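Reviewing the structure listed below.
Quantities reported herein were computed from a predicted structural model and do not represent experimental measurements. Residue numbers start at 1 and run along the sequence shown. Computed over heavy atoms, backbone and side chain alike; hydrogens, waters and symmetry mates excluded. Atoms within a ligand are numbered from 1 in the order they appear, just like the ligands themselves.
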Amino acid sequence: MRTVYLNGDYVAEQDAKVSIFDRGFMFGDGIYEVTAVIDGQLIDFPGHMQRLRRSLGEIGMTMPLDEDGLARIHHHLIEDNALREGLVYLQVTRGTQDRNFLYPSTDTPQTLVLYTQAKAVIDSPLAKRGLTLISVPDLRWQRSDIKTTQLLYACMAKEMAKAEGADDAWLVRDGAVTEGSSNNAFIVTRDGAVVTRELSRALLPGITRGVLLDLIERDGLRLEERPFTLEEAYAAAEAFVTSSTSFVYPVVNLDGRAIGNGSPGPITQRLRQRYIDRVHDLIH
Ligand code: PDD
């Protein structure tokens, strides 16, 4: 049984109760973050806190606590739950109120929830096998750069993938891939360039994506930040996705077509290893 954090208290998970009037529950009016934990240590925590501050600001909210205060809660939960590898989930909502679309006054207490979840990030079987994907239209709202808790379309996209026997989905808007349902999307062209869409309101600025772009350039690979089409993806030598809970996962099939030779590509595997090496450097 886990210890979780709710509004100032550390409680057993079954005792953590949130009001039915919470705006997170009623309107999806909240922001979240997911930070990876490896060997009991947080990975790229400052980047996640910077994005949290930005997401909150974009919907007129402020940080529930300062970064040190949030770090203390993360560390407390990791220790209490003896978490070695997995993630810490953080969610902050605009608090509770009777039904009213307008925001409550700014002195309304926010709801702050954190919990840990164990997951094999480094020795994940998906990293060896690679993902099969389908493409679906990107029907999300037009502020996908904000990490809000309204994730219904991401859930629908994953369900559509599951119904077709695939692992996940890439989202397509105006003929180009925006990102994955819960990760950023990359291809490697046949002449060796790594391509991922440039940041805009259409996609989440992934923390893993940002770190990987540095590693790609340091590796001497050519990087192109631009939209890419499904046709380019079908013809790519390799493809992969990035996120905090997967790091780098190869993509081996898209819409029933093998990517490259249908197994995880060498550049993808090298970048995953570079990412893991960097994580080990950070924590040792
Ligand atoms: N998802 N794009 C979307 C839509 C995401 O939901 C995520 C992360 C990413 C990758 O961002 P990062 O590298 O900062 O994790 C990109 C998290 C893991 C989730 O929702 O559980």
Quiz item: Just by distance, do the side chain of Glu85 and the backbone of Ile122 share a donor-acceptor pair under 3.5 Å?
Solution: yes

Practice problem: Measure the OG1-CG distance between Thr149 and Asp29 for me, rounded to the nearest 0.5 Å. | Solution: 7.5 Å

Practice problem: Could you grab the distance from atom CG of Asp277 to atom CG of Leu282, nearest 0.5 Å is fine? | Solution: 11.0 Å

Quiz item: Does Arg270 come within less than 4.0 Å of Glu238, counting only side-chain N to carboxylate O?
Solution: no

Can you produce the list of protein nitrogen or oxygen atoms under 3.5 Å from a nitrogen or oxygen of ligand 1, alongside each distance?
| residue | atom | partner | partner atom | Å |
| --- | --- | --- | --- | --- |
| ligand 1 | 1 (N) | Lys147 | NZ | 3.4 |
| ligand 1 | 1 (N) | Ser182 | O | 3.4 |
| ligand 1 | 2 (N) | Glu179 | OE1 | 2.6 |
| ligand 1 | 13 (O) | Ile207 | N | 3.4 |
| ligand 1 | 13 (O) | Thr208 | N | 3.0 |
| ligand 1 | 13 (O) | Thr208 | OG1 | 2.6 |
| ligand 1 | 14 (O) | Arg51 | NH1 | 2.8 |
| ligand 1 | 14 (O) | Arg51 | NH2 | 3.0 |
| ligand 1 | 14 (O) | Ile207 | N | 2.8 |
| ligand 1 | 15 (O) | Ser244 | N | 2.9 |
| ligand 1 | 15 (O) | Ser244 | OG | 2.7 |
| ligand 1 | 20 (O) | Tyr32 | OH | 2.6 |

Quiz item: Arg272 and Phe247: which non-hydrogen atoms are nearest, and at how many Å?
Solution: NH1-CB, 4.0 Å

Quiz item: Do the non-hydrogen side-chain atoms of Lys158 and Asp168 ever get within less than 4.5 Å of each other?
Solution: yes

